[in-house]
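Inspection log for the structure reproduced underneath, given as structure tokens.
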2 protein chains.
Amino acid sequence: MDACTTLGAKFEDWQALGLDEERCPVRNLLDQIGDRWSMLLLAALAGGPKRFSALARAVPDISKRMLTQTLRMLEVSGLVHRDVQPTVPPSVTYSLTPLGRSFAGPLLGLVDWAETHFAAVVEARAQAKKAA
Amino acid sequence: MDACTTLGAKFEDWQALGLDEERCPVRNLLDQIGDRWSMLLLAALAGGPKRFSALARAVPDISKRMLTQTLRMLEVSGLVHRDVQPTVPPSVTYSLTPLGRSFAGPLLGLVDWAETHFAAVVEARAQAKKAA
DNA sequence: CTGAATCCTATGCGATACTG
DNA sequence: CAGTATCGCATAGGATTCAG
């Protein structure tokens, strides 16, 4: 049974349960990390702990507001650990929890797909634009 | 080298290239399928071709507007094929292209992670709420 | 340095009504 | 049946300023 068939079967199961946002793990996950920044920050932290300002530099086009907000959400969900050093000036280090690290595998799968098939997607979009 | 380290290394590479939205495959993918419906519709189609109204029933809380819009985007990106039967009344069937099917693997990885670790995430959120 | 607070704009997305 | 068109709100999220 290939991945496609398996996925189709799983979808049937969720559907039978009403695809409820609260109960369905997949809907829940998508609500969590289906935003513009979550996956990117998890990837940024995969290499090791980073400080707030280092993360801000690593992802140039994120605002401080969204950086704080996204990290908080990831922390609440148990994917990221926030370590505050009570120095002056304060120093805050973020790192992946074991749960966060366990997410690296699936995320890497997505990343690999993106890199492998990026050219095909660009090509498809070019074709579509030409047809229009 | 585990997935976490690999992912960290890849992020360094993207960072070196400026994490450009146009050029970075990952940013591009996230812009595409990082919305509320794309991944869900791809999963819904993984089991086989479905008609427009069947998809609308499969995902109860999607509006016709978003269903159309999301399917169009997936079609333009080459992940979904749209087959129009010029009958009366018209019948339109959507299916995954080979490119779309190739995405089932990575997507299944994400789904499996969600199902496996859902309980842990819920637990973490409960702890965070209690602390607050 | 690491945020919190406030303000403001863009737009995602649902609801509704209409068409071929 | 399978959309399209229009309206309108709720929210995402950037810019800026203040604080510990």
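The analysis underlying the following values was restricted to heavy atoms, covering all of them including side chains, and did not include hydrogens, waters or symmetry mates. Just so we're on the same page: letters track the sequence lines, and every chain starts at 1.
For F52(A), whose side chain is taken as the heavy atoms from C-beta onward, the closest listed nucleotide among dC1(C), dG3(C), dG3(D) is dG3(C). Nearest nucleotide to the side chain of P89(A), out of dT2(C), dC1(D), dC1(C): dC1(C). Among dA4(C), dG14(C), dG3(D), the nucleotide with an atom closest to any side-chain atom of R72(B) is dG3(D). For R65(A), counting side-chain heavy atoms from C-beta on, the closest listed nucleotide (dC1(D), dT6(C), dA17(C)) is dT6(C).
Checking K64(A) against R36(A), the closest nucleotide of DNA chain D that is more toward the 5' end is the one next to R36(A). Positionally, the nearest nucleotide of DNA chain C for L71(A) lies more toward the 5' end than for the other of M66(B) and L71(A).
Looking at D112(A) and K10(B), a side-chain N of the basic residue comes within less than 4.0 Å of a carboxylate O on the acidic one, giving a salt bridge. Under a 4.0 Å N-O distance rule, the pair R27(B)/E22(B) does not qualify as a salt bridge.
By the neighbour-count criterion of 12 heavy atoms within 6.0 Å, atom CZ of R82(A) is densely surrounded, having more than that number from other residues, nucleotides or ligands.
At a threshold of 4.5 Å between non-hydrogen side-chain atoms, the residues L19(A) and F11(A) count as touching. Considering only heavy atoms from C-beta on, L42(B) comes within 4.5 Å of V80(B) through its side chain. Under the 4.5 Å side-chain criterion, counting only non-hydrogen atoms from C-beta, L110(B) is in contact with L110(A).
Helix-axis bend for the helix from dC1(C)-dG20(D) to dG20(C)-dC1(D): the local axis fitted to the five terminal pairs at one end deviates from that at the other end by 40°, rounded to 10°.
For R57(B) and dC1(D), the CZ to P distance is 8 Å, given to the nearest whole Å. In this entry the distance linking CG of D31(A) with C1' of dT11(D) reads 14 Å, nearest Å. Atom CG in D35(A) sits roughly 16 Å away from atom C1' in dT11(C) (whole-Å rounding). Between the CG atom of L55(A) and the P atom of dG3(C) there is a distance of 10 Å, rounded to whole Å. M73(B) has its CE atom 13 Å from the C1' atom of dC13(C), to the nearest Å. With rounding to whole Å, D83(B) atom CG is found 18 Å from dC1(D) atom P. R51(B) has its CZ atom 9 Å from the C1' atom of dA2(D), to the nearest Å.
Of the side-chain N and O atoms in S63(B), none sit less than 4.0 angstrom from OP1 or OP2 of dA15(C). Residue T87(B) places no side-chain N or O under 4.0 Å from the OP1 or OP2 atom of dC1(D). A close approach under 4.0 Å does not occur between any side-chain nitrogen or oxygen of Y94(B) and OP1 or OP2 of dC1(D). Close to dG3(D), at under 4.0 Å from its OP1 or OP2, lies a side-chain N or O of R82(B).
Although no hydrogens or angles enter the test, the distance criterion places no donor-acceptor pair under 3.5 Å between the side chain of K50(A) and the main chain of S95(A).
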